[in-house]
**Q** 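Input: one structure, supplied below.
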Amino acid sequence: MQTLFRLGYVAMSVHVKNCSPSQTMTYSTFQKIPDKDSAMIRLEQIAKSNITNSLRLLKHNRAHDIYFFRLSSRLIPLATHEDLRDWNYISGVKRELEELGSYAKKHEMRIDFHPDHFVVLNTPKKDVFKQAVQTLIYHHRLLRGMKVDPVHRCVIHLGGKYGSKEESLERFVDNWGKIPNAIQKMIMLENDDKTFHIDDVLYVCEKLNIPMVFDIHHHLANQRTKNWGNQWNRIIKTWSGSPRPVKIHISSPKSNKQFRHHADYIDIGQFLNFIQQINGTVKQVDCMIEAKKKDDALFRLTEELRTNNMIKWNNKASFYLESV
DNA sequence: CGCTGTCAAGACGAA
DNA sequence: TTCGTCTTGACAGCG
């Protein structure tokens with residue numbers, strides 16, 4: 001079996017200027033605006049700009065054969081703020097969302113989300129859990145607004161340790177039962193760099209039938225000495241019931257001292273070593289490049305890969321790896 | 001215009 | 001129990 005490797009990147013471009021998809025308004029600024037109607041209009045303007053800028057980014061991606069992209073989770077500022085609970089934050093940006101979604105569908109692009117680490121489903125605090133669910137519902141509404149199938153489009157982590165890792169793992173399982181089925185179907189789980197390593201995430205993913213996103217950098221930060229090769233077959237099995245291809249996260253450590261931080265670019269040696277190990281195990285692997293230099297890191301990686309004669313290009317940003 | 005401080009969020013360890 | 005730190009990109013305000 002030949003494996004198609006497809007490259008993608010995160011949320012924003014360093015090449016396309018004046019194209020932020022994450023412009024925002026803080027709550028303290030919002031409160032300082034005396035006229036609430038004009039404050040709401042301003043919020044909607046920012047949201048429209050963020051969404052149309054995301055569409056511009058998809059067009060930029062298409063020009064470079066990039067069909068895999070993580071949208072910013074900050075498209076609509078203050079959407080999940082509890083003092084704005086009554087605000088129908090979707091209705092004002094319906095047209096923009098539909099346009100974004102239809103462009104992605106038309107060009108068969110994989111788009112997804114990865115909310116900040118504040119979405120913690122295994123928290124023992126009721127209000128934190130409630131807020132996490134609200135944020136997930138927000139992502140679900142965005143996807144429905146785009147008229148994109150929400151299944152397996154939102155990556156989150158297992159959450160905090162709270163003293164006992166075992167209990168916190170089980171609390172995730174318990175809390176999972178408390179969230180709506182439609183939200184469950186949207187979620188994928190990723191190993192983190194401090195607490196929950198591959199085995200923990202696999203345990204939960206297999207138990208609850210959730211696809212697992214493997215993050216090689218997190219694995220090295222968390223379990224530097226342990227080989228992940230044995231678990232890879234289990235990881236790809238978690239995707240067997242998914243309409244989407246296997247997805248992984250790739251980033252390189254900034255330095256030994258700041259190991260957990262993302263470097264500007266991707267280390268080509270590490271990348272090649274990684275894809276060689278998984279080549280031939282599955283039909284397609286989508287590789288999310290998580291580097292400070294965003295799309296420029298993707299471009300540099302493809303430039304470096306071009307000098308390698310084992311790479312057979314499918315297009316400018318996807319390829320096969322010839323086995324030796 | 002560019003720099004510094006602040007904003008959001010939740011976890012977590014120190015005091 | 002409270003506070004500072006971590007993390008991130010962007011805003012706000014200062015000189």
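Given the structure is predicted, the values throughout are model-derived calculations rather than measurements. Numbered from 1 within each chain, the chains take letters A, B, ... in sequence-line order. Basis for what follows: all heavy atoms, side chains included, without hydrogens, waters or symmetry-related copies.
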**Q** B/dG10 C1' sits how many Å from A/L158 CG, rounded?
**A**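 Atom CG in A/L158 sits about 16 Å away from atom C1' in B/dG10.
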
**Q** Output all residues satisfying side-chain hydrogen bond (donor to acceptor under 3.5 Å, both in side chains) with A/S28, sequence neighbours left out; order by chain, then residue number.
**A**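 For A/S28 the side-chain hydrogen bond (donor to acceptor under 3.5 Å, both in side chains) partners, ignoring immediate neighbours, are A/T26.
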
**Q** Quick test: give all pairs of protein nitrogen or oxygen and nucleotides 12-15 of chain B nitrogen or oxygen below 3.5 Å, distance rounded to 0.1 Å.
**A**
unit_1, atom_1, unit_2, atom_2, d
B/dC12, OP1, A/K161, N, 2.9
B/dC12, OP2, A/Y162, N, 3.2

**Q** Whether the A/H217 and A/E290 side chains hold a donor-acceptor pair (N or O, under 3.5 Å, no angle test) is what I'd like checked.
**A**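 Looking only at side-chain atoms, A/E290 and A/H217 do not form any donor-acceptor pair under 3.5 Å.
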
**Q** Quick one: how far along DNA chain C does chain A reach, first to last nucleotide 5' to 3', anything under 4.0 Å to a heavy atom?
**A**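 Extent of the interface on DNA chain C: C/dT7 to C/dA12.
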
**Q** If we fit an axis to the first five pairs and another to the last five of the helix from B/dC1-C/dG15 to B/dA15-C/dT1, what angle do they make, to the nearest 10°?
**A**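 Angle reported: 60°, given to the nearest ten degrees.
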
**Q** Which salt bridge (Lys or Arg N to Asp or Glu O under 4.0 Å) pairs, counting each pair once, include a residue from residues 293-316 of chain A, with sequence neighbours left out?
**A**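 For residues 293-316 of chain A: none.
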
**Q** So, the side chain of A/K105 versus the backbone of A/K147: is there a donor-acceptor pair under 3.5 Å, distance only?
**A**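 Yes.
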
**Q** Are A/K94 and A/E98 close enough for a salt bridge, meaning some N to O gap below 4.0 Å?
**A**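 A salt bridge links A/K94 with A/E98.
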
**Q** With sequence neighbours left out, what residues match A/H152 under ring pair (Phe, Tyr, Trp, His ring centres under 6.0 Å)?
**A**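 So A/H152 forms no ring pair (Phe, Tyr, Trp, His ring centres under 6.0 Å) with any residue.
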
**Q** Is A/D112 paired with A/K247 through a side-chain N to carboxylate O contact shorter than 4.0 Å?
**A**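 Yes, A/K247 and A/D112 are salt-bridged.
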
**Q** My understanding is that only residues two or more places apart in sequence, or in another chain, count here; which of them pass side-chain hydrogen bond (donor to acceptor under 3.5 Å, both in side chains) with A/N175?
**A**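 Once residues adjacent in sequence are excluded, the partners of A/N175 under the side-chain hydrogen bond (donor to acceptor under 3.5 Å, both in side chains) criterion are A/K178.
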
**Q** Suppose we screen for ring pair (Phe, Tyr, Trp, His ring centres under 6.0 Å). Which residues come up paired with A/H261, at least two apart in sequence or across chains?
**A**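 With neighbours one apart ignored, the set is empty.
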
**Q** Could you tell me which residues satisfy salt bridge (charged side-chain N to carboxylate O under 4.0 Å, His left out) with A/D199, sequence neighbours excluded, listed by chain and number?
**A**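 A/D199 satisfies salt bridge (charged side-chain N to carboxylate O under 4.0 Å, His left out) with no other residue.
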
**Q** A/D83: what forms a side-chain hydrogen bond (donor to acceptor under 3.5 Å, both in side chains) with it, not counting sequence neighbours?
**A**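 If we apply the side-chain hydrogen bond (donor to acceptor under 3.5 Å, both in side chains) test to A/D83, skipping adjacent residues, the hits are A/Y27.
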
**Q** Grab the N/O contacts between the protein and nucleotides 7-9 of chain B below 3.5 Å, and write none if there aren't any.
**A**
unit_1, atom_1, unit_2, atom_2, d
B/dA8, OP1, A/T26, OG1, 2.8
B/dA8, OP1, A/Y27, N, 2.6
B/dA8, OP1, A/S28, N, 2.9
B/dA8, OP1, A/S28, OG, 3.3

**Q** What pairs meet the salt bridge (Lys or Arg N to Asp or Glu O under 4.0 Å) rule with one or both residues in residues 23-38 of chain A, with sequence neighbours excluded?
**A**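 Residue pairs with at least one partner in residues 23-38 of chain A: there are none.
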
